[in-house]
Amino acid sequence: MASKKVPAGIAALLLLLASCDYAPGAFKWVDYDLRGRWECTEEAPWPESQWWKKEKGTLVLDYDTITITGPVAHLRGFTRDIPLEAYTEEGEDGEPGLLYIRDRGVLQSPVGYRYWLSGGYPKVKMLTLTGGGAVDETFKRIEE
């Protein structure tokens with residue numbers, strides 16, 4: 001009886017794949033519909049100590065990061081202007097989704113969000129941050 005040989009490269013690849021942890025939820029990312037640049041629809045004081053200067057906060061969501069710029073009440077105290085590790089979990093049965101952010105090496109409490117489309121034509125992609133003791137903040141997608 002002839003034996004079949006497996007090439008060394010394929011054997012190494014099979015061993016590597018067998019050693020990986022493929023548990024459900026092991027790979028986390030930002031939902032595809034949320035990726036892009038978002039601008040708050042309302043201006044707020046920024047920096048927070050300067051009441052006379054107002055800006056619109058922005059969020060840039062990518063595959064697994066978020067960059068926060070300017071005033072965003074739901075993300076007060078987070079590091080600004082650099083990409084932070086992030087991922088989302090969709091809500092079920094009308095519940096808000098959750099946005100998780102790792103800042104300063106620690107996974108912070110999640111922030112609730114709702115993704116929706118405006119009325120009228122053309123429809124505008126909208127994102128509302130909810131909960132956490134702050135008034136709901138709505139962002140619109142900036143198409144570039």
Side-chain angles (χ1 to χ4, degrees), residues 5-144:
K5 293 185 179 183
V6 178
I10 293 176
L13 178 62
L14 291 173
L15 285 173
L16 176 64
L17 290 174
S19 68
C20 292
D21 179 16
Y22 287 106
F27 300 103
K28 298 181 180 185
W29 56 83
V30 172
D31 184 279
Y32 181 79
D33 290 330
L34 301 180
R35 296 178 196 168
R37 182 178 176 82
W38 299 87
E39 181 180 70
C40 192
T41 57
E42 303 283 329
E43 288 185 337
W46 188 257
E48 294 167 341
S49 62
Q50 295 184 12
W51 58 270
W52 52 270
K53 183 179 177 191
K54 292 190 173 190
E55 289 184 21
K56 290 184 177 183
T58 61
L59 305 173
V60 177
L61 291 157
D62 206 348
Y63 177 78
D64 61 354
T65 63
I66 183 171
T67 304
I68 308 160
T69 304
V72 180
H74 284 81
L75 303 176
R76 194 166 271 151
F78 281 80
T79 303
R80 297 292 199 263
D81 302 319
I82 62 167
L84 303 172
E85 183 181 333
Y87 68 92
T88 58
E89 290 181 358
E90 290 184 24
E92 295 181 20
D93 299 326
E95 292 295 314
L98 296 174
L99 169 63
Y100 292 87
I101 303 170
R102 184 176 306 277
D103 189 15
R104 298 175 188 94
V106 177
L107 190 61
Q108 306 296 318
S109 296
V111 175
Y113 74 87
R114 291 190 195 286
Y115 169 77
W116 51 285
L117 297 174
S118 70
Y121 180 82
K123 300 214 179 286
V124 177
K125 296 175 184 175
M126 307 293 282
L127 175 68
T128 301
L129 300 182
T130 63
V135 176
D136 290 358
E137 285 179 289
T138 300
F139 294 77
K140 69 178 185 174
R141 176 82 179 268
I142 305 300
E143 301 296 336
E144 296 179 33

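The first residue in the sequence is number 1, and the count goes up from there.
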Smallest heavy-atom separation, T67 atom then P83 atom, equals OG1-CA, 3.4 Å

Heavy atoms of P45 and P71 approach each other most closely as O-CB, 3.8 Å

d(D33 CG, K125 NZ) to nearest 0.5 Å is 6.5 Å

K123 and L117 have their tightest heavy-atom pair at CD-CB, 4.2 Å

_When you compare the side chain of T79 with that of I82, does any pair of heavy atoms fall below 4.5 Å?_
yes

Under 4.0 Å between a side-chain nitrogen and a carboxylate oxygen: does that hold for K53 and E55? yes

message: Can you confirm whether more than 12 heavy atoms, excluding those of E89, are under 6.0 Å from its CD atom?
response: yes

Check: Can you check whether L59 reaches L75 side chain to side chain, under 4.5 Å on heavy atoms?
Finding: yes

Quick note, side-chain hydrogen bond (donor to acceptor under 3.5 Å, both in side chains) partners involving residues 105-117, not counting sequence neighbours, are W116-T128

Check E43 with K54, please: is the shortest side-chain N to carboxylate O separation under 4.0 Å? no

request  = Indicate yes or no: at least one non-hydrogen side-chain atom of V60 is less than 4.5 angstrom from one of W38.
outcome  = no

Requested in this report: Determine yes or no for a side-chain-to-main-chain donor-acceptor pair under 3.5 angstrom, with T41 supplying the side chain and T138 the backbone.
Outcome: yes

*asked:* If you count heavy atoms of other groups shown closer than 6.0 angstrom to OH of Y63, is the number above 12?
replied: yes

Just wondering, more than 12 heavy atoms not from K140 lying within 6.0 Å of its NZ?
no

_side-chain hydrogen bond (donor to acceptor under 3.5 Å, both in side chains) between D31 and T88, intermediate numbers included_ = CA-CA 6 Å; D31 184 279; T88 58; 5.2 Å; no

Any side-chain heavy-atom pair of Y87 and Y100 under 4.5 Å | yes

Practice task
Give a yes or no on whether the backbone of D136 and the side-chain of H74 come within a donor-acceptor separation of less than 3.5 Å.
Solution key: no

Worksheet item: When you look at CD of E42, are more than 12 heavy atoms from neighbouring residues, nucleotides or ligands closer to it than 6.0 Å?
Response: no

For V72 and R80 the tightest heavy-atom approach is N-NH2, 3.7 Å

| Does T130 reach the side chain of V111, with side-chain heavy atoms less than 4.5 Å apart? | no

Does R35 offer a backbone N or O that forms a donor-acceptor pair with the side chain of R141 under 3.5 Å?
yes

For V30 and A86 the tightest heavy-atom approach is CG2-O, 3.9 Å

